[in-house]
Amino acid sequence: MAKKNIFTDAFGTPYFLKRLIIFILGIVSYRRFNGFNKLKITGTEHLVDLPDSNVLFVCNHQTYFADVAAMYHAFCAVNNGYLDTIKNPIYLLNPKIDFYYVAAEETMNKGILPKIFKIAGAVTVKRTWRAEGKNVNRMVDLTEVDNIMKALDNGWVATFPQGTTSAFAQGRRGTAKLVKSQRPIVIPIKINGFRRAFDKKGLRVKVTGVKPTMEFKAPLDIDYDNEKAPEILLKIMTAIEQTEDFNVLHNYDEELKAKKLEQKDSNH
């Protein structure tokens with residue numbers, strides 16, 4: 001596996017360029033999280049004593065870029081001793097640079113801004129089940145898996161197990177298989193309110209006065225030797241509150257159907 005050095009990250013991107021991009025994007029996005037809308041961050045105490053590598057963040061997904069931008073703010077703040085707050089953007093002068101995030105290749109190749117985001121730390125993958133709005137069925141590209149493992153070997157990685165911004169979509173087994181093979185520390189992140197505050201891409205403020213939340217949870221307790229991938233995936237999806245048990249509207253609809261059936265039965 002390739003290793004970083006004092007000048008470049010594991011993928012050969014110069015650190016000075018990453019620092020510059022993170023600083024600029026941080027300044028541009030700052031008012032979105034601490035101006036137009038007030039981002040509430042909790043649980044960053046779980047990040048303080050983490051190792052510098054082999055840490056995997058698993059998160060539900062609501063926008064293409066705002067979710068990741070908020071993570072950069074949180075990680076850079078913690079990197080400078082600020083817990084549960086991003087009120088002092090001086091932390092952008094000393095960013096967390098060995099942070100990578102898994103992103104769909106087709107999303108990162110459209111337009112200049114996504115390409116700039118890509119330099120900041122994207123590890124791109126081709127979706128095996130969907131491409132350009134259509135269902136597909138293709139094999140996993142092992143080079144992409146190697147790239148994710150390379151990122152884990154050299155830093156922190158964030159991934160979105162559902163691979164889509166749709167709420168309560170099923171988790172993809174690839175995430176659990178990666179966890180099983182690489183044995184990282186797994187930190188769940190639960191976000192809320194991003195979809196309401198920003199457009200789908202996360203580049204435009206849709207509504208002001210929203211208070212999006214980002215909750216970092218304690219590392220998952222995983223028995224890497226005995227737990228199978230489906231068990232690990234269920235643990236991940238439960239931690240990011242994306243199983244059907246958390247779908248209040250779904251539960252409400254089911255309860256409504258059950259009540260109607262009861263009424264029908266009682267009328268007969």
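Computed from a predicted structure; not experimentally measured.
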Q. So, do Ile41 and Leu39 sit near enough that their side-chain heavy atoms are less than 4.5 Å apart?
A. yes
Q | ring-ring contact (aromatic ring centres under 6.0 Å, His included) assessment of Phe7 paired with Tyr15 | A | CA-CA 6 Å; Phe7 300 110; Tyr15 278 135; 9.0 Å; no
Q | Donor-acceptor contact present, side-chain Asp67 to main-chain Gln62, <3.5 Å | A | yes
Q: Taking atom types as modelled, find out whether Gln182 and Asp153 have a side-chain donor-acceptor pair closer than 3.5 angstrom.
A: yes
Q) Is the side chain of Tyr30 donor-acceptor paired with the backbone N or O of Leu25 at a distance under 3.5 Å, no angle test? A) no
Q) Tyr82: what forms a ring pair (Phe, Tyr, Trp, His ring centres under 6.0 Å) with it, not counting sequence neighbours? A) none
Q: Can you spot which of Asp9, Thr8, Asp98 makes a side-chain hydrogen bond (donor to acceptor under 3.5 Å, both in side chains) with Lys18?
A: Asp9
**Q.** Short N-O contact, Glu144 and Lys150, less than 4.0 angstrom
**A.** no
Q | Pairing residues for Pro14 by the side chain to side chain contact (heavy atoms under 4.5 Å, CB included) criterion, not counting sequence neighbours | A | Phe16, Leu17
Q. Would you call Lys40 and Glu215 a salt bridge, taking side-chain N to carboxylate O under 4.0 Å as the test?
A. no
**Q.** Donor-acceptor side-chain pairing of Ser53 and Asn154 below 3.5 angstrom
**A.** no
Q: Mind running side chain to side chain contact (heavy atoms under 4.5 Å, CB included) on Asn94 and Arg19 for me, showing each step along the way?
A: CA-CA 8 Å; Asn94 181 33; Arg19 286 178 182 276; 4.2 Å; yes
Q: For the pair Phe99 and Phe57, name the ring-plane relationship: parallel under 30°, tilted 30 to 60°, perpendicular over 60°.
A: perpendicular
Let me have the donor-acceptor pairs involving side chains of residues 183-191, under 3.5 Å, with sequence neighbours excluded, atom names and distances please.
{"unit_1": "Arg183", "atom_1": "NH1", "unit_2": "Asp225", "atom_2": "OD1", "d": "3.4"}
{"unit_1": "Arg183", "atom_1": "NH2", "unit_2": "Asp225", "atom_2": "OD1", "d": "2.5"}

Q | Gln162 to Arg172 - nearest heavy-atom pair and separation | A | O-CD, 3.9 Å
